Amino acid sequence: MMDLPINAVKADLISTATDRYGLKSTIDVGACWGVNGGYTFHALANGIERATILDGHITDLTRERASGKPNIELREGDLGSADFIAALPRADAAIIFDVLLHQVAPDWDEFLARYSRKVDHFIIYNQDWIGDDESIRFIDRGLDWYLKNVVGAGHERTREWFSRHNSFCSELGRPWRDVHMFWQWGIVDTELIGTMRRLGFKLDSFNNYGPWSPEYPKIQCDGYLFSRR
């Protein structure tokens, strides 16, 4: 099972938000992949008293780490589902790392709108797009453009995914073109900030951490802190 160390930049976003806002509770959206709840456990070590871990699949290692800890709740389900989100406990803040650019039906902006009804603060780390003035759906530009411009899961797997776009993924209950396992959106930072403003949140902190890699300079890693106005 993949178990990567947590990223120091993302951990610092959580620590900063906890200190700035006096946070006591969090919901960690898409918390398991690669880190098995690592950011929630960092939050708990830095003053958070109650945490909810959300993912489409709660990994065994996450369950093992959370076992016997009454202040951690695990919720498994469709992260974008209105019913799933409505059933969540309220919390001070939502941690949303590496998640927004994957969200289709609901798209990333409606995804944020649904979670905005549950929290007063957002801690966001996203791979933003600087190649256009407006946010784009990557797959609309076609396979060749996608392979050249978007971080993927390897050319062979990406080509296979594109070939299945018009087929239905019964496991996830949606067309293959809309699955979350691949990068879907090039989100422009000004649109993300504008979306949050319309939802009643102000930007308290923004940091650009540079490009994803020299190979993909138009994909920039950005961190945000938002609070309800």
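Being a predicted model, the structure only gives us computed values, none of them experimental.
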_Using the salt bridge (Lys or Arg N to Asp or Glu O under 4.0 Å) criterion, which residues pair with R174? Sequence neighbours excluded._
none

*Verify, without hydrogens or angle tests, whether D178 (side chain) and V104 (backbone) share a donor-acceptor contact under 3.5 angstrom.*
no

*With R65, which residues qualify under side chain to side chain donor-acceptor pair (under 3.5 Å), at least two apart?*
D3

*For D132, check salt bridge (Lys or Arg N to Asp or Glu O under 4.0 Å) against everything at least two apart and list the hits.*
R141

_Would you say the ring centers of W183 and W212 fall short of 6.0 Å from each other?_
yes

*Residue pairs involving residues 147-170 (criterion ring-ring contact (aromatic ring centres under 6.0 Å, His included); sequence neighbours excluded)*: Y146-W161, Y146-F162, W161-H165, W161-F182, F162-H165

*Do any N or O atoms from the side chain of T40 and from the backbone of I53 form a donor-acceptor pair under 3.5 angstrom?*
no

*Measure from the side-chain N and O atoms of R50 to the backbone N and O of T26, and report whether any donor-acceptor pair falls under 3.5 Å.*
no

*Using distance alone, with no hydrogens and no angle criterion, decide if S167 and R164 have a side-chain donor and acceptor under 3.5 Å apart.*
no

_side chain to side chain donor-acceptor pair (under 3.5 Å) involving E64 - partner list, sequence neighbours excluded_ = none

*What closest approach, in Å, do R90 and R117 show between heavy atoms, and which atom pair accounts for it?*
NH1-O, 2.7 Å

_Pairing residues for D107 by the salt bridge (Lys or Arg N to Asp or Glu O under 4.0 Å) criterion, not counting sequence neighbours_ = none

*asked:* Under the ring-ring contact (aromatic ring centres under 6.0 Å, His included) definition, can you give me all pairs with a residue in residues 41-69, not counting sequence neighbours?
replied: none

*Donor-acceptor pair, D55 side chain versus I58 backbone, under 3.5 Å?*
no

*asked:* Under the rule for ring-ring contact (aromatic ring centres under 6.0 Å, His included), what residues qualify as partners of H121, not counting sequence neighbours?
replied: Y21

*Classify the side-chain pair Q127/D98 by whether it contains a donor and acceptor separated by less than 3.5 Å.*
yes

*Relative to each other, are the rings of W108 and W185 parallel, tilted or perpendicular (30° and 60° limits)?*
perpendicular

*Can you sort out the partners of T18 under side chain to side chain donor-acceptor pair (under 3.5 Å), two or more places apart, ordered by chain and number?*
none

_For the backbone of A87 and the side chain of R75, can you confirm whether one donor and one acceptor N or O come within less than 3.5 Å of each other?_
yes

*Report the residues that fulfil side chain to side chain donor-acceptor pair (under 3.5 Å) with Q103, sequence neighbours left out, ordered by chain and then residue number.*
none

*For residues 78-88, which residue pairs qualify under side-chain hydrogen bond (donor to acceptor under 3.5 Å, both in side chains), counting only residues two or more places apart or in two chains?*
none

Tell me which donor-acceptor pairs under 3.5 Å the side chains of residues 217-229 have, and how far apart each pair is, sequence neighbours excluded?
from : atom 1 : to   : atom 2 : distance (Å)
Q220 : OE1    : N208 : ND2    : 3.0
Q220 : NE2    : P217 : O      : 2.9
D222 : OD1    : N208 : ND2    : 2.7
Y224 : OH     : D128 : OD2    : 2.4
S227 : OG     : D204 : OD2    : 2.6
R228 : NE     : D120 : OD1    : 2.7
R228 : NH2    : S116 : O      : 2.6
R228 : NH2    : V119 : O      : 2.6
R229 : NH1    : R197 : O      : 3.0
R229 : NH1    : F201 : O      : 3.4
R229 : NH2    : R197 : O      : 3.3

